[in-house]
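Working notes for the structure below.
Order of the sequence lines fixes the chain letters, A, B, ..., with proteins taken first and strands second; residue numbering starts at 1 for each chain.
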Amino acid sequence: MHLKSPDDLEQFRTRILEKRKAQDTKKRVVLCTGTGCRGAGALDVYDAFKKALGNKSDIEFKTTCCHGFCERGPITIIEPEGIFYQRVTPETVPQIIAETVKKDQMIEELLYQDPQTEEAIPAEKDIPFYKKQNRLVFGHNRLIDPTQIEDYLAVGGYQALVKALFSMSPEEIIAEVKSSGLRGRGGGGFPAGRKWESCSQAPGDVRYVICNCDEGDPGAYMDRSLMEGNPHRVLEGMIIGAYAIGAHEGYVYVRHEYPLAVENVGIAIEQAHKMGFLGENILGSGFDFDVTISKGGGAFVAGESTALMASIEGYVAEPRAKYIHTVESGLWDKPTNLNNVETWANVPVIIEKGAEWYSKIGTEGSKGTKIFSLVGKINNTGLIEVPMGMTLREIVYDIGGGIPDGKRFKAVQTGGPSGGCIPEEMLDLPVDFDALTEAGSMMGSGGMIVMDESTCMVDVAKYFTNFLKDESCGKCTSCRDGTLRMYEILDRITKGEGKEGDIELLEEIGWTTTEASLCALGGTAANPVLSTIRYFRDEYEAHIKDKRCPAGVCPALITYTIDAEACIACGKCKKECPTKAITGEKKVPHEIVQAKCIKCGTCKEVCPVDAVKVE
Amino acid sequence: MTGAQLEKILKKHDNQSSNILAILQDIQASENYLPRKTLEEVSQRLLVPLTQIYHLATFYRTFSLTPRGRHVVTVCTGTACHVKGAASILNNLERELKVQPGETTTNKEYTLETVNCLGSCALAPLVVIDGTYHGRMLGTTVLSMLKGEKKGASKKS
């Protein structure tokens, strides 16, 4: 079916909706098979449903990608009631079909339980994790099988494209995006409309648009989930952008670690071609546009715009100086507009509902919503989408459900490896681009890693600096050597070899790295060190002066002991200890021979009564 | 890699030197590493200097210039996995397999690798063995899994 005009599209959409209306009241089973749920066993659950329903079932069975609440995966929703079942296993599938689908009976054990009230909550929308969210961009994921373009059309897909192509001029589109206040969601937060405008005005006939899905920030996976779960929305944003800028070729650059995203966007491009949303004369508008997928090779720096373009051209991903703007001379030296996945996915809603409507969401300087991946020491791990300006406290406690095991919150790390750590006293900080930068961190692509009292901040700084020294492309001395020297100093400190003046030296190297590097990776590489020194100086001092790791993490500065009174002399730790450092017989409390202990933590891990103490 | 196999890959990418990254990815996927002989052929066919191919092959993490083991054990060392104890899991594996990340055991049985994030943070800490995700790992469970005693949440993916 090749659609040749907006009327064709509307007729096709009407047919889909009519067909679906008849099925609206019927039972449907929706299973999330996004990467998060797959890791938790969703494909086994899929097989179980397929087997239990058979081929001739009149019960519709649909798979989608990420709904966001990954902690509770695999997730299954029973429609039309919207019953939310969590941690579904293949064994429970026959019961779900027999009781819930056929007899309308709820299965209590599979429902989400409010940890505070211990009340079972049947409907997805009533679960606290979802309640405070505003899922403007991410919300359709749960309704869409990403391999079925009809699903996207059923929720109004490609409507914004029709509006853009047939009732707006390129200038009007750019003006709309500009006045919406949309800022780039990939890290820098540069106003998207201004970037589009510069690119459209740059001299030259050939222009490119690029979608950056090289999501390298560890702990962030919203771009992957959008690309996997709703690829047509990203494509629609790109086509609108290309029309506004005057580009006829586009690239989607995806990390090779995201195989499902590569697969789903590939299917989407093919379908869009067949139906006439890509290719020549899109919907009869006279506008031509095509998209090619380019796969990354596993380099963090490739997410930097100039490095990414070098990678598409077939070179190593090394950034170049910024005084030549990519909007004027980017990919193959042509004007190029690069935005990240989430930015492109915001475009259709801005065009459809208008800049005025969109800019009412968010704060003065940051409009719209932002998807965060809330991970680490938090009860409700997952992807959340909230209006800009929500406080960290609301995010961590109301949506995230607080810290597990009754432990105390210590910090939240935002902005990926080059972001910073925000301490407890700043929990009421409204989260937007400017507030995070002011606090010494940054928005980045939206990773939010929660840390509790058992996380050592010096170790965290060392972790990120190690990451950055490995991923620094090596072009600028300040970044290549700065990250290496900072790592060496941090490594010494965590080994108990820190000395007076180390903190000041770190600050000085950090400042130099920030000031003297070409790209944003180098410019922000010192953030993890500088922000942890700023807010957790006492932890650094404890390591350096008292040779103590207050969180009990750094192996050289801690000792494992067994509490003789708590020990039940079961022999588990003795059996598992890799260096045979534990003595003791049955009924005789065990002891650790410190000279043999390599502080691997195995004894603490296996102890059934928590008798192993760390100091 | 046979000449015909390489021919197929080169054809798929239009014999274009700008598609070199995708070509190397396909060779890596087929052979599990980048054989020197194949790279020399690619260099001659596409007129790309071998030094440039070497530059690419050592820059990007996905490539390996040496054959990998029969089993690939990948420890996710993303931030969420790190704060939940990935370092101790990696230490246990290094000790048990007697290799560092990026290396292969002398009997060519295991290659130990790390990855910076697989975006399955809800399952942290995560270990992937031959493409199968094992979530919420402990240092001890990962060792017993290698020894064939299947424990933990092991799922195909």
Side-chain angles (χ1 to χ4, degrees), chain A residues 35-36 38-44 70-73 215-221 224-225 256-258 294-300 302 311-318 373 375-377 381-382 413 416-417 447 449-452 455 460 463-464 467 471 473 576 578 598 600-602 605-606, chain B residues 16-25 28-29 46 48 52 55-63 76-88 91-92 95-96 115-124 126 128 131-136 138-141 143-144 153-157:
Chain A
T35 299
R38 277 185 188 206
L43 290 184
D44 294 329
C70 310
E71 178 74 33
R72 295 284 149 182
E215 193 176 37
D217 284 5
Y221 59 102
R224 187 203 66 196
S225 291
H256 83 110
E257 291 94 336
Y258 287 174
S294 190
K295 243 170 38 169
F300 176 67
S311 183
I312 293 180
E313 291 176 16
Y315 298 103
V316 295
E318 278 178 358
S373 67
V375 302
K377 306 279 184 71
T381 303
Q413 204 276 350
I449 295 106
V450 181
M451 297 162 183
D452 68 6
T455 313
V460 165
Y463 164 80
F464 283 121
F467 178 91
E471 296 295 339
C473 75
E576 296 286 348
I598 54 165
C600 66
T602 302
E605 197 177 290
V606 298
Chain B
Q16 279 285 327
S17 60
S18 60
N19 292 335
I20 182 85
L21 206 58
I23 292 167
L24 296 183
Q25 277 164 350
Q28 169 84 34
L46 301 183
V48 177
Q52 195 187 322
H55 192 185
L56 291 166
T58 50
F59 184 89
Y60 292 103
R61 286 172 74 104
T62 134
F63 302 122
C76 179
T77 51
T79 320
C81 287
H82 178 78
V83 300
K84 287 193 164 179
S88 119
N91 284 341
N92 276 4
R95 211 172 42 241
E96 181 74 17
V115 63
N116 283 333
C117 184
L118 291 165
S120 298
C121 308
L123 298 167
L126 184 75
V128 184
T132 306
Y133 285 42
H134 303 272
R136 302 187 181 106
L138 291 171
T140 41
T141 42
L143 292 186
S144 58
S154 59
K155 308 290 171 194
K156 70 175 170 182
S157 182

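Using a 4.5 Å cut-off between heavy atoms, Tyr315(A) contacts chain B through both its backbone and its side chain. Of the two parts of Leu56(B), the backbone and the side chain both hold a non-hydrogen atom closer than 4.5 Å to a non-hydrogen atom of chain A. For a residue to count as touching a neighbouring chain, one of its non-hydrogen atoms must lie under 4.5 Å from one of that chain's; by this rule His82(B) touches chain A with the side chain only. For a residue to count as touching a neighbouring chain, one of its non-hydrogen atoms must lie under 4.5 Å from one of that chain's; by this rule Gln52(B) touches chain A with the side chain only. Neither the backbone nor the side chain of Val128(B) comes within contact range of chain A; no heavy atoms are under 4.5 Å apart. Proximity to chain B (any heavy atom under 4.5 Å) is restricted, for Val606(A), to the side chain, taken from C-beta onward. Of the atoms belonging to Leu123(B), it is side-chain heavy atoms, and not backbone ones, that fall under 4.5 Å from chain A.
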Would Glu605(A) and Thr140(B) count as a side-chain hydrogen bond (donor to acceptor under 3.5 Å, both in side chains) if you check the C-alpha gap in whole Å, the side-chain angles of each, and the deciding distance to 0.1 Å?
CA-CA 8 Å; Glu605(A) 197 177 290; Thr140(B) 41; 2.6 Å; yes
Cys600(A) and Asn91(B): side-chain contact (heavy atoms from CB on, under 4.5 Å), yes or no, with the steps?
CA-CA 8 Å; Cys600(A) 66; Asn91(B) 284 341; over 6 Å; no
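Between chain B and the residues Ile312(A), Val316(A), Val375(A), Asp217(A), the most heavy-atom pairs under 4.5 angstrom are made by Val316(A). The residue among Thr79(B), Asn19(B), Leu118(B) with the most heavy atom pairs within less than 4.5 Å of chain A is Thr79(B). Ranking Arg224(A), Glu215(A), Glu318(A) against chain B, the residue ahead of the rest is Arg224(A), based on heavy-atom pairs under 4.5 Å. Contact count against chain A (heavy-atom pairs under 4.5 Å) is highest for Cys117(B) among Ala87(B), Cys117(B), Gly78(B), Ala80(B). Chosen from Gly382(A), Ser373(A), Ala317(A), the residue pairing most often with chain B at heavy-atom distances under 4.5 Å is Ala317(A). Taking Gly297(A), Gly416(A), Gly314(A) one by one and counting their heavy-atom pairs under 4.5 Å with chain B, the maximum is reached by Gly297(A). Between chain B and the residues Pro578(A), Gly36(A), Gly447(A), the largest count of heavy-atom pairs under 4.5 Å involves Pro578(A). No other option in Gly73(A), Pro417(A), Gly601(A), Ser311(A) has as many heavy-atom pairs under 4.5 Å with chain B as Ser311(A).
Across every non-hydrogen atom of Ala122(B) and Glu71(A), the tightest pair is CB-N, 3.6 Å.
For the residue pair Glu257(A)/Asn116(B), the side-chain donor-acceptor check at 3.5 Å is not satisfied. Counted by atom type alone, Ser120(B) and Tyr221(A) present zero donor-acceptor pairs between their side chains at under 3.5 Å.
Contact of the Arg61(B) side chain with the Glu471(A) side chain is registered, since non-hydrogen atoms from C-beta on lie closer than 4.5 Å.
How far NZ of Lys295(A) is from OH of Tyr60(B): 13.5 Å, rounded to the nearest 0.5 Å.
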